[in-house]
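Let me begin by presenting the structure, written as structure tokens, before commenting on it.
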There are 2 protein chains.
Amino acid sequence: MLTKQRHQLILQRLSEKKVVKLKELVDLTRSSESTIRRDLTDLETEGYLARVHGGATLISTPDEEPTFEEKLDRFVDEKVAIAQKAATFIEDGMSIYLDAGTTTQAMVPFLKGKKIVVVTNSLPIANELFDLDIKTFVIGGELKRSTQALVGYNARESMMNYRVDLAFLGMNGIDLDAGYTTPDPEEALVKKTAIELAQTSFVLADASKIGKRTFSRVATLDAAQLITSSDESMSSIQTITKVVNAK
Amino acid sequence: MLTKQRHQLILQRLSEKKVVKLKELVDLTRSSESTIRRDLTDLETEGYLARVHGGATLISTPDEEPTFEEKLDRFVDEKVAIAQKAATFIEDGMSIYLDAGTTTQAMVPFLKGKKIVVVTNSLPIANELFDLDIKTFVIGGELKRSTQALVGYNARESMMNYRVDLAFLGMNGIDLDAGYTTPDPEEALVKKTAIELAQTSFVLADASKIGKRTFSRVATLDAAQLITSSDESMSSIQTITKVVNAK
DNA sequence: ACTAAAATCATTCAAAAACATTCATTTTCA
DNA sequence: TGAAAATGAATGTTTTTGAATGATTTTAGT
């Protein structure tokens with residue numbers, strides 16, 4: 001593989017994911033660690049990226065260190081764009097399911113004023129919806145520590161009482177072969193159930209999730225439309241399910 | 001996971017929750033305590049957060065005044081006394097139900113460290129339990145505006161999946177003739193169900209509720225023990241059910 | 001208020017991961 | 001063909017990490 005091509009690949013991957021691991025690039029380009037290291041050093045001296053231990057990240061703004069708020073914003077930008085796009089599918093009178101997760105949570109502000117009913121398994125989302133005065137149903141279940149989501153068998157049981165028009169799900173892995181995947185089996189069960197009870201399902205995922213596969217299988221790609229802002233592998237996924245570009 | 005990524009996760013969580021516990025971040029990032037401590041010290045020196053004992057907090061958190069309502073509540077001391085008394089009935093290994101309400105919520109601090117399982121229909125209580133690291137199940141249902149409680153038919157359905165040793169309920173009216181009453185029929189349904197599925201039930205009520213009667217009948221007085229700090233009409237109620245004095 | 005127990009903390013250390021550097025080999029291109 | 005450039009492996013060094021230890025703070029009980 002030509003040096004130019006590798007550099008191109010690296011920068012592309014970086015612009016999508018904000019940070020890349022060295023090992024990741026080794027796999028991606030099928031070249032040695034040494035080579036990737038050299039590439040990263042070169043690209044750094046050319047000002048395209050910043051090396052960090054374990055890989056590289058996008059360069060910070062040229063003039064000044066971004067403030068705390070700005071950094072957060074940049075991190076959230078992609079999620080918000082996806083969330084906003086997702087919210088456009090919601091019409092007055094609909095009932096929707098909002099899965100736990102930062103991307104789906106980003107949808108909440110865009111629901112303001114809509115005459116809808118929301119079902120969710122996320123405590124933070126329920127709290128936000130409460131503030132927005134939106135009719136909200138919370139499913140039962142065990143409160144999971146890391147994500148403040150309600151999961152497990154009881155959650156599934158409780159969900160079966162609802163039917164929604166649209167379901168919006170976060171996802172950790174989207175892969176052509178593996179389909180939609182997430183690390184925790186109990187969360188996977190909840191997501192799976194959500195897809196079952198919704199008329200139409202959407203998966204919200206930023207570019208970093210595309211091509212990834214994690215432990216628990218949720219569904220095949222055709223079970224839900226994908227809303228993302230990644231161009232990468234869009235074309236191949238599009239042969240299986242509908243893909244919405246949030247840009 | 002790359003250091004940069006951890007830092008971003010930490011800042012993101014922090015901006016959402018205002019304060020984070022170290023343990024929480026360990027769960028979230030799946031890295032060791034040591035690593036998180038190092039991250040926090042780094043981020044602190046970079047000026048992104050302030051470390052506090054047990055975790056970290058946003059740099060400029062204007063500490064919230066106790067709300068108008070809280071200040072106005074003359075019964076706050078009484079509530080705490082009742083809550084503390086109620087908590088003494090809970091032993092390790094038990095499963096308990098905590099009804100939504102300020103008095104039952106006051107029990108939560110007294111649960112710290114107990115090896116129990118809690119079922120609740122209250123979002124605020126679930127949030128507090130989350131911080132205390134107590135195994136928590138939330139029942140499903142509609143989120144009621146005024147109390148942030150989950151109520152209604154679906155709540156009842158969802159509750160039927162659990163069996164608890166003890167149930168602790170708030171109540172608006174305790175009257176010799178009318179029994180236990182509460183204003184909202186949907187909440188009454190939930191309370192009634194809780195009493196059904198618990199082996200032993202307790203009603204927590206300050207003096208202001210004694211002798212009152214409100215719209216919806218929950219149960220007769222003998223269906224639950226009463227924990228109160230009122231001497232008034234204690235004697236007459238005692239002929240019907242067990243009364244615990246919290247003083 | 002005081003003491004004991006528990007939780008959290010800073011510090012240290014060894015293992016693991018990632019690193020820069022060197023060098024022999026392969027590729028490229030004149 | 002031969003020199004320059006690029007590559008990958010080998011080496012020893014540095015950084016990062018998680019566990020262990022004891023110190024410190026917080027909490028609970030009297």
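All chains are named by letter (A, B, ...) in the order of the sequence lines, taking the proteins before the strands, and each is independently numbered beginning at 1.
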Could you tell me whether B/Phe137 and B/Tyr162 have their ring centroids closer than 6.0 angstrom?
-> yes

To the nearest 10 degrees, what angle separates the axes at the start and end of the helix from C/dA1-D/dT30 to C/dA30-D/dT1, five pairs each?
->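 Roughly 40°, once rounded to the nearest ten degrees.
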
Scan B/Val52 against the nucleic acid and name what it touches under 4.0 Å (heavy atoms): base, sugar-phosphate only, or nothing.
->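 If one applies the 4.0 Å heavy-atom cut-off, B/Val52 turns out to touch the sugar-phosphate alone, with no base involved.
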
Can a donor-acceptor pair be found, under 3.5 Å and without considering hydrogens, that links the side chain of [X] to the backbone of [Y]?
| X | Y | result |
| --- | --- | --- |
| A/Thr104 | A/Asp99 | yes |
| B/Asn121 | B/Ala100 | yes |
| B/Asp92 | B/Lys115 | yes |
| B/Asp165 | B/Ser95 | yes |

Euclidean distance, atom NZ of residue A/Lys4 to atom P of D/dA6 [Å, nearest integer] = 11 Å

To the nearest Å, how far apart are A/Arg37 CZ and D/dA10 C1'?
->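 Result: 13 Å.
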
Output every pair passing salt bridge (charged side-chain N to carboxylate O under 4.0 Å, His left out) with a member in residues 121-134 of chain B, not counting sequence neighbours, ordered by first then second residue.
->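 Sorted result for residues 121-134 of chain B: A/Arg145-B/Asp133, B/Lys17-B/Asp131, B/Lys23-B/Asp133.
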
From the 5' end of DNA chain C to its 3' end, which nucleotides mark the outer limits of contact with chain A, defined by a 4.0 Å heavy-atom distance cut-off (strictly under)?
->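 Range of nucleotides touched by chain A: C/dA18 to C/dA20.
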
Carboxylate-amine/guanidinium contact A/Lys79 A/Asp206, below 4.0 Å = yes

Salt-bridge test for A/Lys144 and A/Glu186: reply yes if a basic N is under 4.0 Å from a carboxylate O, no otherwise.
->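 Salt bridge absent between A/Lys144 and A/Glu186.
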
Under the ring-ring contact (aromatic ring centres under 6.0 Å, His included) rule, collect the residues that match up with B/Phe202, sequence neighbours excluded.
->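 Here the qualifying residues are B/Phe89, B/Phe168.
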
Which letter, B, S or -, goes with each nucleotide of nucleotides 18-30 of chain D from 5' to 3', with contact meaning a protein heavy atom under 4.0 Å?
-> BB-----SS----

Taking only side-chain nitrogens and oxygens of A/Thr3, does any of them come within less than 4.0 Å of OP1 or OP2 of D/dA5?
-> no

With sequence neighbours excluded, tell me which residues meet salt bridge (Lys or Arg N to Asp or Glu O under 4.0 Å) with B/Glu33.
->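 Testing B/Glu33 for salt bridge (Lys or Arg N to Asp or Glu O under 4.0 Å), a comparison that skips the adjacent residues, returns B/Arg37.
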
